[in-house]
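Here is the structure we will look at.
For clarity, every value in this text was computed on a predicted model and none was experimentally measured.
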Amino acid sequence: MDKIDELDRKILNLITRNARLPFRDVAEKCGVSRAAVHQRVQKMFDNGAIVGSGYQVNPKMLGYDLCVLVGIALTNGRKYTEVVTELDKIPEVIEEYYTLGAYSMMIRMFAKNDKDLLRLLTQLQCIEGIAKTETLTCLEQGIGRALPIE
């Protein structure tokens, strides 16, 4: 991955704060042309500096009232890839991390209600390679942001 320069940082700073900001406005604030901004953004997508784009939808508006973090202990570390493949088949699982510490993996997922959570946890615990799980219910997200661009 190529390093990003000062102009890339300026562009990222603007578009990560407001993804709907027109390239025309970004170009004006950075003192370059729209074409330059477009080319820089495309290059950052291509080299992996920008890894996603889109809108975030409030899960509650889709009927998902519970957000949970689940610690997963594996029966064997070699099962990791197989377990991730199975987790990827569960749409309510939105993030997965391979971790050090008490658990081999941590996931974040959403459930519509307690009954739906029970269904999901039962589904998780039936995945070959998962030894045990521990579920933490998220009551509120106090911070949700991207890393600062300096």
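- For E95, the CD atom sits in a packed shell: over 12 heavy atoms of surrounding residues, nucleotides or ligands are nearer than 6.0 Å.
- There is a path of hydrophobic side-chain contacts, each under 4.5 Å, that joins L12 to L21.
- The CG atom of L118 sits 10.5 Å away from the OG1 atom of T135 when rounded to the nearest 0.5 Å.
- Contact between V51 and G48 at its shortest, heavy atoms only, is CG1-O, 3.4 Å.
- Both I90 and L74 belong to a common hydrophobic cluster when Ile, Leu, Val, Met, Phe, Trp and Tyr are linked at side-chain heavy-atom distances under 4.5 angstrom.
- Here the closest heavy-atom approach between residue M106 and residue Y103 is recorded as SD-CD1, 4.4 Å.
- The local environment of CD in Q42 is crowded, with over 12 non-hydrogen atoms from other residues, nucleotides or ligands closer than 6.0 Å.
- Of all non-hydrogen atoms in R34 and A27, the two that sit nearest each other are N-CB, 3.6 Å.
- Salt bridge present: D116 and R119 bring a charged side-chain N and a carboxylate O closer than 4.0 Å.
- The hydrophobic cluster containing L7 also contains M44, counting ILVMFWY residues as joined when their side-chain heavy atoms lie under 4.5 angstrom apart, directly or transitively.
- Linking Ile, Leu, Val, Met, Phe, Trp and Tyr residues whenever their side-chain heavy atoms come within less than 4.5 Å places Y64 and V57 in a single cluster.
- Across every non-hydrogen atom of E82 and R78, the tightest pair is OE2-O, 4.4 Å.
- N13 meets the side-chain hydrogen bond (donor to acceptor under 3.5 Å, both in side chains) test with R17; sequence neighbours excluded.
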Subject >> Residue pair V93, V70: steps toward the side chain to side chain contact (heavy atoms under 4.5 Å, CB included) verdict >> reply: CA-CA 10 Å; V93 174; V70 181; over 6 Å; no

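- Residues L87 and M105 come closest through the heavy atom pair CD1-CE, 3.4 Å.
- Interatomic distance, E92 CD to C67 SG, rounded to the nearest 0.5 Å: 12.5 Å.
- Of the possible polar contacts, one joining the K60 side chain to the D65 backbone as a donor-acceptor pair under 3.5 Å is found.
- Between V26 and the options V37, N18, V41, a side chain to side chain contact (heavy atoms under 4.5 Å, CB included) holds for only V37.
- Between the CD1 atom in I94 and the CE atom in M109 there is a gap of 11.0 Å [rounded to 0.5 Å].
- Here D5 contributes atom CG and K10 contributes atom NZ; the two are 10.0 Å apart, rounded to the nearest 0.5 Å.
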**OP:** Show the numbers, then the answer: is there a side chain to side chain contact (heavy atoms under 4.5 Å, CB included) between I107 and L124?
**Re:** CA-CA 11 Å; I107 63 171; L124 287 178; 3.9 Å; yes

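- Applying the 6.0 Å contact sphere to CG of L147 captures no more than 12 heavy atoms from other residues, nucleotides or ligands.
- Contact detail for F110 and L120: the closest heavy-atom pair is O-CD1, 3.5 Å.
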**OP:** Apply the test side chain to side chain contact (heavy atoms under 4.5 Å, CB included) to residues R40 and F23: give CA-CA distance (whole Å), side-chain angles for both, the deciding distance (0.1 Å), then the verdict.
**Re:** CA-CA 11 Å; R40 291 292 187 117; F23 280 179; over 6 Å; no

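- Put simply, I130 and L69 are part of two different groups of oily side chains (I, L, V, M, F, W, Y) that touch within less than 4.5 Å, one to the next.
- Within the model, atoms CG of D46 and NZ of K43 stand 10.0 Å from one another, a figure rounded to the nearest 0.5 Å.
- Taking CG of D114 as the start and CG of L66 as the end, the distance is 6.0 Å to the nearest 0.5 Å.
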